[in-house]
Amino acid sequence: MTQSNYTKEDILRIAKEENVRFIRLQFTDLLGTIKNVEIPLSQLEKALDNKMMFDGSSIEGYVRIEESDMYLYPDLATWVIFPWVAEDRVARLICDIYLPDGRPFPGDPRGILKRALKEAEDMGYTAMNVGPEPEFFLFKTDEKGNPTTELNDQGGYFDLAPTDLGENCRREIVLTLEEMGFEIEASHHEVAPGQHEIDFKYADAIKAADQIQTFKLVVKTIARQHGLHATFMPKPLFGVNGSGMHCHQSLFQGSTNSFFDDSDKLGLSETARHYMAGVLKHARAFAAITNPTVNSYKRLVPGYEAPCYVAWSASNRSPMIRIPASRGLSTRVEVRNPDPAANPYLALAVMLKAGLDGIQNKTVLPAPVDRNIYVMTEEEREDQGIPSLPADLREALIELLSDEVICDALGEHALSHFVELKEIEWDMYRTQIHAWERDQYMTLY
């Protein structure tokens, strides 16, 4: 039986046969953090009947106390038993959030992505396929189990043991993911010391976002078992590459890839070109979602392979969008600015909505930039019409609020709560005194 066709009866039977004692009903808050309500096996049937309630007022970005009752609707296709718990086994189901009157909760990130996909479906696109590439760092922990800033290796891109001391941990992560139904395509050490990447096969957008959340949980759990701390923080260390989450994406109509056109020099259809044009047009606005933390903008600087400029190329890795070499069913666009701190449901929703806007309005794609943008002067970039991504979270929030298309993708509830939370984050950062300032100014003045 595949992971996509479980029935309620299947799940009840498997839970009993596999000695599952607890089930985690998982969902994601507005900031992308996995939350769960854990129930004993005796409550599973009630949960499968969509009768499990929780207090939404305690979840970041959800609702106020006076409107707190919400229901968890499990997606049966997401049933999986955690392989790392041998006794009193634990399973999970990813849930959609509903209001007591039976309407989907408008601030549910998974529901927001579903709304964007419905818009794509109304335009004739039956699927958005996504291949995410989330990167992470492994740090040593201290005697109390807290993370240190000491990396567990000094490896580089595609290095092997003994330089890559994270290899055993990474291998166990891969085996665990495969046991949970992932199809792993590659795993390797990344450019920076202590940095790793595990690539899994593309999937439809909802499943891809679910997989990103599951991936983060597995990576952190297995790393802890190895005495390590895994972090998806975009830029944990100065002077080395940060962690990205490149998102390969394409739209399908049935079994036909709408991004492929054999008669085009690059193999790209008009649909693909309009989609890319839409993504580029709205990139500065959706950066607040795809790069949602103060720290995200420490990664988006020249010199560390992260894109800082809003441009595209079929052959160059410095622009924001790259076209991988594969063609036919594999024709896709790789959007390279997102980072793994992003809420994957929201990130995919805003990129899709931007691309659909480009298709609807037949937005003209600018010429590709095949030069290394990092070595261009500011005047050269201006002459070629190449904007920069926002320089910091505050600028990104201003851009977000000025873009009707991206605001509409989020909806009023999620937008207002997200911006409020992020303005608090920015203000805390802006008013804090940082170690760099003390090092720089304490003795100078």
Side-chain angles (χ1 to χ4, degrees), residues 1-28 33-44 47-48 72 74-95 110 131-138 141 145 152 161 164-188 196-203 206-232 340 344:
M1 181 177 291
T2 67
Q3 202 177 351
S4 60
N5 60 359
Y6 291 121
T7 64
K8 173 185 168 183
E9 291 70 28
D10 291 330
I11 289 172
L12 290 169
R13 174 180 52 77
I14 294 166
K16 195 171 181 182
E17 289 173 356
E18 297 292 334
N19 193 34
V20 171
R21 301 296 298 276
F22 296 96
I23 298 92
R24 290 184 186 171
L25 304 176
Q26 289 186 346
F27 56 100
T28 296
T33 305
I34 298 173
K35 302 291 183 180
N36 57 236
V37 175
E38 188 168 87
I39 60 170
L41 179 64
S42 61
Q43 298 296 302
L44 177 57
L48 294 174
L72 295 163
D75 182 340
L76 304 193
T78 64
W79 167 263
V80 71
I81 299 171
F82 291 146
W84 56 82
V85 184
E87 300 292 323
D88 295 336
R89 303 192 75 186
V90 178
R92 79 94 207 268
L93 286 159
I94 294 175
C95 302
R110 202 170 189 258
E133 297 177 347
E135 297 167 343
F136 59 95
F137 278 84
L138 292 174
T141 53
N152 78 308
D164 176 8
L165 300 177
E167 189 176 15
N168 287 340
C169 177
R170 194 173 66 238
R171 191 173 286 151
E172 190 175 333
I173 290 168
V174 168
L175 292 172
T176 303
L177 289 167
E178 287 185 329
E179 204 172 327
M180 294 174 73
F182 280 69
E183 191 172 332
I184 303 299
E185 296 192 329
S187 76
H188 58 85
H196 302 269
E197 181 179 316
I198 297 171
D199 299 333
F200 39 94
K201 189 176 179 181
Y202 70 86
I206 291 288
K207 184 175 179 181
D210 288 345
Q211 285 184 327
I212 291 167
Q213 294 298 74
T214 303
F215 176 81
K216 290 180 180 179
L217 179 66
V218 171
V219 167
K220 285 180 172 289
T221 300
I222 303 302
R224 199 181 306 121
Q225 292 175 357
H226 283 256
L228 299 169
H229 175 77
T231 182
F232 291 90

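Atom set for the values below is all heavy atoms of this structure, side chains included, hydrogens, waters and symmetry mates excluded. Here the structure is a predicted model, which means the values were calculated and not measured.
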Can you measure from [atom1] ([X]) to [atom2] ([Y]) and round to the nearest 0.5 angstrom?
| X | Y | atom1 | atom2 | result |
| --- | --- | --- | --- | --- |
| L72 | L25 | CG | CG | 5.5 Å |
| R89 | F22 | CZ | CZ | 14.5 Å |
| E185 | F200 | CD | CZ | 10.0 Å |
| N5 | D10 | CG | CG | 7.5 Å |

Any side-chain heavy atom of [X] within less than 4.5 Å of one from [Y]?
| X | Y | answer |
| --- | --- | --- |
| I81 | I14 | yes |
| L12 | K8 | yes |
| E135 | P340 | no |

Legend entry - Audit row: I212, K216, side-chain contact (heavy atoms from CB on, under 4.5 Å) steps and yes/no: CA-CA 6 Å; I212 291 167; K216 290 180 180 179; 4.0 Å; yes
Inset, instruction - In sequence, state the C-alpha distance, the side-chain angles, and the governing distance for F232 and V219, and then conclude on side-chain contact (heavy atoms from CB on, under 4.5 Å). - result: CA-CA 10 Å; F232 291 90; V219 167; 3.9 Å; yes
Go through the structure and list residues passing side chain to side chain contact (heavy atoms under 4.5 Å, CB included) with [X], not counting sequence neighbours.
| X | answer |
| --- | --- |
| Q43 | I39, P40, K46, M52 |
| D75 | A77, T78, R110 |
| K16 | none |
| L177 | I173, F182, I184, I198, F215, V218 |

Inset, instruction - Evaluate the side-chain contact (heavy atoms from CB on, under 4.5 Å) criterion for residues L76 and L48: first the C-alpha distance (whole Å), next the side-chain angles of each, then the deciding distance (0.1 Å), finally the verdict. - result: CA-CA 8 Å; L76 304 193; L48 294 174; 3.6 Å; yes
Legend entry - Contact list for residues 220-231, test side chain to side chain donor-acceptor pair (under 3.5 Å), sequence neighbours left out: E172-H226
With sequence neighbours excluded, tell me which residues meet side chain to side chain donor-acceptor pair (under 3.5 Å) with [X].
| X | result |
| --- | --- |
| E38 | R24 |
| Q26 | none |
| T214 | R92 |

Legend entry - Check: D210 side chain, K207 main-chain N or O, donor-acceptor pair, under 3.5 Å: no
Legend entry - Sequence-distant partners of E9, salt bridge (charged side-chain N to carboxylate O under 4.0 Å, His left out), two or more places apart: none
Legend entry - C95 to F27 - nearest heavy-atom pair and separation: O-CB, 4.0 Å
Legend entry - Partners passing ring-ring contact (aromatic ring centres under 6.0 Å, His included) against F82 (at least two apart in sequence or in another chain): W84
Legend entry - Neighbour count >12 (heavy atoms, 6.0 Å) for atom CZ, R21: no
